[in-house]
Amino acid sequence: MSISKTYNPKEAEDKWYTYWMEKGFFRSIPDDREPYTIVMPPPNVTGVLHMGHMLNNTIQDVLIRRARMQGKNACWVPGTDHASIATEAKVVAMLKEQGINKKDLTREQFLEHAWEWKEKYGGIILKQLEKLGASCDWERTKFTMEPDLSDAVIDTFIRLYRKGYIYRGVRMVNWDPQGRTALSDEEVIRKEVNQTLYYVRYAVKGTGDTPSYLTIATTRPETIMADTAVCINPNDPRYAHLKGKTALVPLINREIPIIEDEYVDMEFGTGCLKVTPAHDLNDYELGQKHNLEVIDILNDDGTLNDKAQLLVGEDRFKARKSVAKLLEEAGQLEKTEPYKSQVGFSERTDAAIEPKLSMQWFCRMQELAKPALDYVVNGEVKLIPDKFISTYRHWMENIKDWTISRQLWWGQRIPAWYNTQNEWVVAKTEAEARALFEAEGKSTEGIRQEEDVLDTWFSSGLWPMSVFDGTRHPDNADIRYYYPTSDLVTAPEILFFWVARMIIFGHEYRGQPPFKNVYLTGIVRDKLGRKMSKSLGNSPDPIELMAQYGTDGVRVGMLLSSPAGNDLMFDVAYCEQGRNFANKIWNAFRLVKGWEVAAIPASSAQHEAASWFGHRFNQAIAEIEDHFTSYRISDALMATYKFVWDDFCSWYLELVKPAYQQPIAKETFEATKGFFEAVLKLIHPFMPFISEELWHDELFGERSEQDCCMIAEYPTAGVFDEPTLSDFAVLQQVISEIRNLRNAKQISPKTPLPLAIHASSGIDFKRYAESIQKMANVSAVSFADGKQAGSTSFLVGKDEFYVSLAQSIDADAERERITKEIDYLNGFLKAVNAKLANERFVQNAKPEIVANERNKKADAEAKIKRLEEHLANL
RNA sequence: GGGAGCUUAGCUCAGCUGGUUCAGAGCACCUGCCUUACAAGCAGGGGGUCACUGGUUCGAACCCAGUAGCUCCCA
């Protein structure tokens, strides 16, 4: 081992990751141990590692490593998601660069390119996860579009179809004109957009000779050609005269009815609404109610079609301006005003969503959602933090049918088959489809498969089962052993997209939810609280961060400030803190490694330190355990951090450290090595690399090939003795007081000072005399019974301590200090006395609380008495 | 418009069933130290009207109501 002053993570990282892989430590096969399973939320194949992945996978790795060390059969299944629309968009763009237009390719040719792309780039993110130390069972790596997983998807479609959950119909869907596909509601992101409200005049017919018109406010003038009615509120006196009349659509002069419906908001705009059933969801519903014609004037790509009669072929946004101009020229544009409103955008392509009527496949959700809601409500699936339960409930209780078809090629093609009459059947293969047609007495002529593929979430919903092939072979050893999995770590944004659907599918197939706990991480933001994004350029590259601060440092940095469900205000300062922590451990190790061992007895300080630290260790493990049990991972880390830095380094090691060039007692050395080894195990889940690196140092002797920190037994809390711990806490206070004194009086730490103790608490300070001398640079400890003239004094608990300073003491300053303390205690005493004098308190409060107040009173009084004596002695 | 949540030190956050000296932690800050493990460090220190206003209670950061500000989700 090098004796470099700072820890150098680079070589350790590559070395140990490779070693673990070679030894097969990440591999999991069912056996008779308790399983602990996590399925990784599969990143998109298009993805590159970003800070969100970093956080998410670090948490998973901490959980899985700890479980593994606890002797569980830990299985972390990695994989990637085919991400239909994102990947297809990427491949289309790539082809375009090569001068290839998707339109010129057959489905098969396109898919060939797509697979080629996937093989080339699809594994990047998994490779990056290795840098992070992810201890996944890579032999189990899955991809949502590989044959068996696709098979599971198709089977599920057929299964749900046969059960009546899947249907086909014309509905208003969210249309992405750029991706040219339907999207589910969850894939639409609403944003506030500055728009223009156009006030458009429609001529009214049948008002006699006087030409009359009504004015309608709209943000979408380009859709007027698709209007099939004008609607007014029947209670609106302003428009009573319009009842039963008709209006003319501007520019094209098509006659449309004026209908009445209370749906119309009289306050908004002019109180007149244009009804465009083909291009607005609410208008569509209105149209259904009033039996209106539906005129769809848009092509799939968002350009106007010939039904528009005008501007055919022009893009909707360009057409908006053109129509406005035409209206103006025709004198039918009354005015315009700025207006803010919510507009939907495609999550993947960021194109403005066009509500569009189209034939799609849907999954009926209400019935399926019921058990999935119950699991969460009754706690069989725990959401962490539980504040998400109400959000989940709200969504599940108001769930709508799910649009599952996508007009894309990259994905699982819907197993529906059509004949030339457009009749259809659902079947896995063409042969089965033919048989079904024939059985129904229908023609099989021109049989062809549905062009659409299934929504990606349909396949990721099966993920916790399909990775174990659990839908196709529900009794296979893997699924029986690993399902339900233990913990799922994911982001709240996809609670519905993904988590809910996994629970739904899990219940459907196995009557059991797919996991027991769902740990919801926050969003990684920059320190100003902004979401990290490419356009802002505020997202650091995790790979570079790891190179700079070391993987362990970055892992610690990520976790330090990320309680579950809270957004993380990321700042590289946290990584720096993580790096410094690694360095601290490194240097503690250098200290121990440098010791020369001799056959000498342990000193008193060494003896007391080892005794205390053993108890403290057990206490710390219990604390950390408690944090982990409640999934307070950042707290578990902080407890570990403080335990290692403060208790181990600042107290234990300083106490046992031999004087310069002096040897250490073998007994103490061995104890220290044991503690150090346990510390390495404790930090391993958080800091896998440095712990493994040090584990193999020759200090610990020969290790067998299999003897790694990674698979060592995680420490468990033994009993700890409270009195030992509380006595030591007093000792620590005494030492701090003396150091403080020195600091306040500007006395060099090198100047030894004598200490006299007047103990009345019963603590045996003789035991600690040497420890105090060593830690506070005290020349001699004596025991007295009060009155140490010429000394400065302080109290710790009931015990009095006198330090005789080399310089003469400043009596006035001492008097002031002590008086201040007495004043404080008197104030405190007053409050306590007030409580005790209050009859209702004594009567109502719990007896132990009252007793406690009496103790506080007695303590304060005793302290005051002693301080007054000190004052008198000055 | 409907739903959920947040507001505690300069920053990021803890604070379980109201009851010790309960106002905490880490970082940052200030002071003094190159003490031969570590200046990526050591020792010490300062810092908050617990958003605001009322209420309940013997007692409120904690429970209730209202106000203000912020965030997220759904429409």
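Sequence lines set the chain letters: A, B, ... in the order given, protein chains first and strands last, and positions in each chain run from 1.
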B:C50 and B:A4, which share atom name P, separated by this distance in whole Å: 28 Å
d(CD1, A:I849; P, B:G19) in whole Å: 8 Å
B:C58 OP1/OP2 closer than 4.0 Å to side-chain N/O of A:R840: yes
Separation of atom OH in A:Y652 from atom C1' in B:C42, rounded to whole Å: 20 Å
B:A61 and B:C42, which share atom name C1', separated by this distance in whole Å: 35 Å
Under 4.0 angstrom between A:S634 side-chain N/O and B:A14 OP1 or OP2: no
Touch class at under 4.0 angstrom, heavy-atom based, for A:S736 against every strand present: sugar-phosphate
Nearest-nucleotide pick for A:M638, side chain only, options being B:C38, B:A25, B:C58: B:A25
Touch class at under 4.0 angstrom, heavy-atom based, for A:W595 against every strand present: nothing
Plane angle bin for A:Y652 and A:F648 - parallel if under 30°, tilted between 30 and 60°, otherwise perpendicular: parallel
Out of B:A37, B:C58, B:A75, whichever nucleotide has its closest atom nearest the side chain of A:N844: B:C58
Distance, P atom - from B:C58 to B:A68, rounded to whole angstrom: 32 Å
Among B:A75, B:A37, B:A4, the one nearest A:A588 by side-chain distance: B:A37
Same-atom distance (P) from B:U35 to B:A43, integer angstrom: 14 Å
Distance, rounded to the nearest Å, where A:F648 contributes CZ and B:G41 contributes C1': 17 Å
Ion pair A:E654/A:K774, N-O distance below 4.0 Å: no
A:N852 vs B:G19: side-chain N/O to OP1/OP2 distance below 4.0 Å: no
No-hydrogen, no-angle side-chain donor-acceptor test under 3.5 Å, A:N833 and A:K857: yes
Closest-nucleotide ordering on RNA chain B, the 5'-leading residue of A:A573 and A:L825: A:L825
A:W395 and A:F496 aromatic ring geometry - parallel, tilted or perpendicular at 30°/60° bounds: parallel
P atoms of B:G26 and B:A65, separation to the nearest Å: 36 Å
B:U35 OP1/OP2 closer than 4.0 Å to side-chain N/O of A:K657: no
Phosphate-side-chain proximity, A:K856 and B:U21, N/O vs OP1/OP2 below 4.0 Å: yes
Touch class at under 4.0 angstrom, heavy-atom based, for A:K857 against every strand present: nothing
Length of the line joining A:R739:CZ and B:G44:P, which is rounded to integer Å: 5 Å
Check: A:E576 side chain, B:A28 base, donor-acceptor under 3.5 Å: no
Under 3.5 Å: donor-acceptor pair, side chain of A:R579, backbone of A:T551: no
Per A:F828 side chain, nearest of listed nucleotides B:A40, B:G5, B:U21: B:U21
Sugar-phosphate, base or nothing in reach of A:N740, heavy atoms under 4.0 Å: sugar-phosphate
Touch class at under 4.0 angstrom, heavy-atom based, for A:N838 against every strand present: sugar-phosphate
Phosphate OP1/OP2 of B:A40: any A:R579 side-chain N/O under 4.0 Å: no
Phosphate OP1/OP2 of B:A39: any A:K5 side-chain N/O under 4.0 Å: yes
Backbone N/O of A:G522 and side chain of A:D567: donor-acceptor pair under 3.5 Å: no
Proximity to the side chain of A:Y574 - top-ranked nucleotide from B:U12, B:A4, B:A40: B:U12
Whether A:D401 side chain and A:M365 backbone form a donor-acceptor pair below 3.5 Å: yes
Rounded interatomic separation in angstrom, taking CG from A:D526 and P from B:U12: 11 Å
Residue closer to the 5' end of RNA chain B, A:D646 versus A:L653 (nearest nucleotide): A:D646
Spacing of the P atoms in B:C29 and B:G66 (rounded, Å): 43 Å
Parallel, tilted or perpendicular, as decided by the 30° and 60° cut-offs, for the rings of A:W498 and A:W457: tilted
Spacing of A:R525 atom CZ relative to B:C72 atom P, expressed in whole Å: 6 Å
Euclidean distance, atom CG of residue A:N587 to atom C1' of B:U35 [Å, nearest integer]: 15 Å
Secondary-structure notation, RNA chain B, from Watson-Crick and G-U pairs under 3.5 angstrom (| other strand): (((((((..((((.....[....)))).(((((.......))))).....(((((..]....)))))))))))).
Any A:K846 side-chain N or O less than 4.0 Å from OP1/OP2 of B:U17: no
Sugar-phosphate, base or nothing in reach of A:D571, heavy atoms under 4.0 Å: nothing
Residues, nucleotides or ligands: over 12 heavy atoms within 6.0 Å of A:Q366 CD: no
Touch class at under 4.0 angstrom, heavy-atom based, for A:E839 against every strand present: nothing
Quiz item: A:K835 side-chain donor-acceptor pair to B:C58 base, under 3.5 Å: no
Side-chain N,O (A:W645) to OP1/OP2 (B:C42) below 4.0 Å: yes
B:G55 versus B:A14 - spacing of their P atoms, nearest Å: 30 Å
Nearest-angstrom distance, P atom, B:C27 to B:G45: 15 Å
Ionic contact status for A:E737 with A:R742, cut-off 4.0 Å: no
side-chain N/O A:Y641 vs B:C27 OP1/OP2, d < 4.0 Å: yes
A:K642 with A:D647: basic N within carboxylate O range, under 4.0 Å: no
Whole-Å distance separating the NZ atom of A:K750 from the P atom of B:G32: 16 Å
Side-chain N,O (A:N580) to OP1/OP2 (B:A40) below 4.0 Å: no
